[in-house]
Amino acid sequence: MSEAAPAPEPKSLNFLEEIIEADLQSGRHQGRVLTRFPPEPNGYLHIGHAKSICLNFGLGRKYGGATNLRFDDTNPTKEDVEYVDSIREDVRWLGFDWAGEFYASDYFQQLYDYAEHLIRAGKAYVDDQSDEEIKRGRGNFYTPGTASPWRERPAAESLDLFRRMKAGEFRDGERVLRAKIDMQHPNMNMRDPLMYRIRHAEHHRTGDAWCIYPMYDYAHGCSDAIEGITHSICTLEFEDHRPLYDWFLEQDVEGKFFRKPLPRQYEFARLNLTHTVMSKRRLLQLVQERIVTGWDDPRMPTICGLRRRGYTPESLRAFAEKVGVAKRDMVADVALLEHCIREDLEARAPRRMAVLRPLKLVITNLSDAEAFEVELANHGERPELGSRRVPFTRELWIDRDDFREEAPKKWFRLAPGAEVRLRGAALVTCTEVLKDASGAVVELRGTWDPASKGGNAPDGRKVKGTIHWVSAAHALDAEVRLYDHLFLAEDPMDVPEGQDWHQGVNPSSLEVVRARVEPSLAEAQAGERYQFERTGYFAVDLEAKPGVLIFNRTAGLKDSWSKIEAKA
RNA sequence: UGGGGAGUGGUCUAACGGUAGGACAACGGAUUCUGGUUCCGUCAGGUGAGGGUUCGAAUCCUUCCUCCCCAACCA
């Protein structure tokens with residue numbers, strides 16, 4: 001033991017880690033930790049799922065255990081293989097590997113067998129009531145439920161009926177299998193919940209092998225137990241399903257179906273993000289109503305949307321780590337997410353120059369013959385990332401945002417008579433402003449100081465402003481998609497009386513500009529990420545192809561000038 | 001009129017009876033050929049409220065308040 005080493009930071013544990021460590025201490029699961037990520041394959045994963053994925057896989061990894069990917073496919077009418085493929089891809093992209101890939105449907109036979117066992121034990125019965133009657137019989141929060149007339153029917157009769165349900169003798173909705181628990185239970189979930197319903201529907205994996213399908217509450221806990229899951233982690237809304245989760249497993253009194261110790265369910269607060277919606281239903285509406293272009297629209301909080309936007313798996317994992325895990329309802333600030341991607345890309349994204357809103361600047365005292373190339377580092381602080389050569393010529397594009405006809409206070413950029421540095425190239429003074437008939441600025445003229453070639457003034461004069469530029473003759477056209485929050489309000493659901501959340505959509509959540517970018521970007525490949533100096537981080541969109549450059553703004557750089565100006 | 005949860009700075013999150021800490025945001029300042037980055041600094045008079053126990057309470061007890069979830073043959 002080295003006593004010289006400083007005491008290791010006692011990294012605090014979240015409540016789940018505390019539970020697991022306590023279980024490890026007590027040897028409850030013989031030192032095993034097995035978690036699972038259990039998506040229903042009925043939609044695309046979003047950043048809330050990413051939190052759950054990082055949590056479950058993170059815990060498995062941290063404690064030397066593992067994590068299963070289990071598709072909760074108990075409802076054939078809503079699920080599809082299309083989704084299982086995308087879910088697999090997203091989990092893998094996030095950087096996780098699952099120990100086993102399972103499906104609740106893998107256990108249909110075992111689930112069925114256990115159901116028969118429960119019927120024989122008098123713990124379940126076939127109910128012939130309609131869904132309306134069942135609903136009525138369940139009572140409500142304030143009044144206890146009443147027993148179904150079929151509740152006390154002999155086990156043999158239920159068994160026969162259940163088998164005939166399985167055999168396909170009845171129509172959808174004609175009968176159900178119910179757990180016999182307690183119709184007066186204060187927890188509605190315990191008032192004889194449904195275990196099976198009839199659905200003559202094609203299942204994406206089992207085809208037409210089954211026409212009865214188990215309900216979530218029955219299937220989920222049993223699946224956990226079958227796989228030997230130790231810690232079954234879900235979100236808060238399942239908290240009052242826990243007694244039912246336990247009930248189903250505890251009915252296996254002789255331990256013939258599940259190995260002990262049984263898994264336990266724990267609940268944490270789901271992720272919410274400011275300026276966006278997260279529910280599958282609302283996300284689907286955004287897609288269907290064409291408010292966004294699809295599930296992978298870069299404005300969507302879906303994993304595929306964030307990926308297309310340019311987010312890295314590392315940044316999403318860092319985000320999940322930073323928001324933490326607890327039991328109080330939470331809304332994370334999207335600024336934290338943006339911080340995470342900036343932090344990641346600041347370190348790794350090669351730098352480039354791109355003029356988003358081009359304005360011509362002609363250097364009147366630079367002849368074509370005097371044009372030159374400058375060598376620019378791909379990353380100021382990381383020389384190992386190399387450099388590239390950029391042509392500097394008489395006619396340049398600069399950003400309109402970098403010119404002001406009337407310079408406000410503290411304005412370091414271009415203005416009539418002002419001198420700025422063109423990054424890495426030269427010092428230039430604006431000498432003339434050309435306008436069209438309407439008075440709009442259409443071109444700038446200026447002169448350069450040949451002694452400043454490379455960007456530094458030989459006399460040591462200070463030039464505070466540095467702007468980016470692109471040689472007009474060499475510039476490449478690019479479509480640049482400037483994304484912003486999808487919703488203006490922090491909480492899109494907090495709308496004034498008489499309005500609905502659709503009206504809160506940010507009308508400028510997407511602005512498309514025709515940009516001019518430096519020639520080194522010619523071969524940019526879909527998925528690559530760059531920092532466009534002074535503007536932001538951009539990723540090449542998946543629709544880009546040779547000769548067609550499309551960039552998505554992942555996140556803007558922090559902009560302290562806009563703050564200075566806002567205050568003035 | 002039921003049941004289940006939760007309340008710590010603008011936002012997340014720690015503190016497990018012993019000086020309320022961190023991150024993000026915000027705000028100053030230094031450095032800078034990105035108004036970026038980096039660095040340094042400021043920012044809670046107190047943990048929903050009241051009462052109690054204790055030498056000492058965010059942590060224990062108690063009363064109250066507020067918020068969230070639950071009455072699909074969805075998950």
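Naming convention: chains lettered A, B, ... in sequence-line order (proteins, then strands); numbering from 1 in each chain. Please read these numbers as outputs of a predicted model, since none were measured by experiment.
T74(A) comes within 4.0 angstrom of the backbone, heavy atoms only, and of no base. Among the atoms of the strands shown, only primed sugar atoms or phosphate atoms (P, OP1, OP2) are found under 4.0 Å from some heavy atom of E40(A). Heavy atoms of R421(A) sit under 4.0 angstrom from at least one base atom. Within 4.0 Å (heavy atoms only), Q129(A) reaches at least one base atom of the nucleic acid. Within 4.0 Å of K135(A), counting heavy atoms only, lie sugar-phosphate atoms of the nucleic acid but no base atom. Nucleic acid contact for I564(A): base, since at least one base atom lies under 4.0 Å from a heavy atom of the residue.
The nearest pair of heavy atoms linking P492(A) to V277(A) is CB-CG1, 3.9 Å.
Considering only side-chain N and O atoms, R199(A) lies under 4.0 angstrom from the phosphate OP1 or OP2 of C74(B). Considering only side-chain N and O atoms, K563(A) lies under 4.0 angstrom from the phosphate OP1 or OP2 of A26(B). Within the 4.0 Å cut-off from OP1 or OP2 of A25(B), at least one side-chain nitrogen or oxygen of K558(A) is found. An OP1 or OP2 oxygen of U37(B) is reached within less than 4.0 angstrom by no side-chain nitrogen or oxygen of R348(A). Neither OP1 nor OP2 of U34(B) sits under 4.0 Å from any side-chain N or O of R342(A). Between U1(B) and T143(A), no contact under 4.0 Å exists linking OP1 or OP2 to a side-chain N or O. The phosphate of G35(B) has OP1 or OP2 within less than 4.0 Å of a side-chain N or O from R534(A). At least one side-chain nitrogen or oxygen of H339(A) sits closer than 4.0 Å to the OP1 or OP2 atom of C24(B). Not one side-chain nitrogen or oxygen of R175(A) sits closer than 4.0 Å to the OP1 or OP2 atom of C73(B).
Aromatic ring centres of Y112(A) and F162(A) lie closer together than 6.0 Å.
Residue K410(A) qualifies as open at atom NZ: its count of foreign heavy atoms under 6.0 Å is 12 or below.
With F538(A) as the partner, the ring-ring contact (aromatic ring centres under 6.0 Å, His included) test is satisfied by one option alone out of Y530(A), F532(A), F551(A): F532(A).
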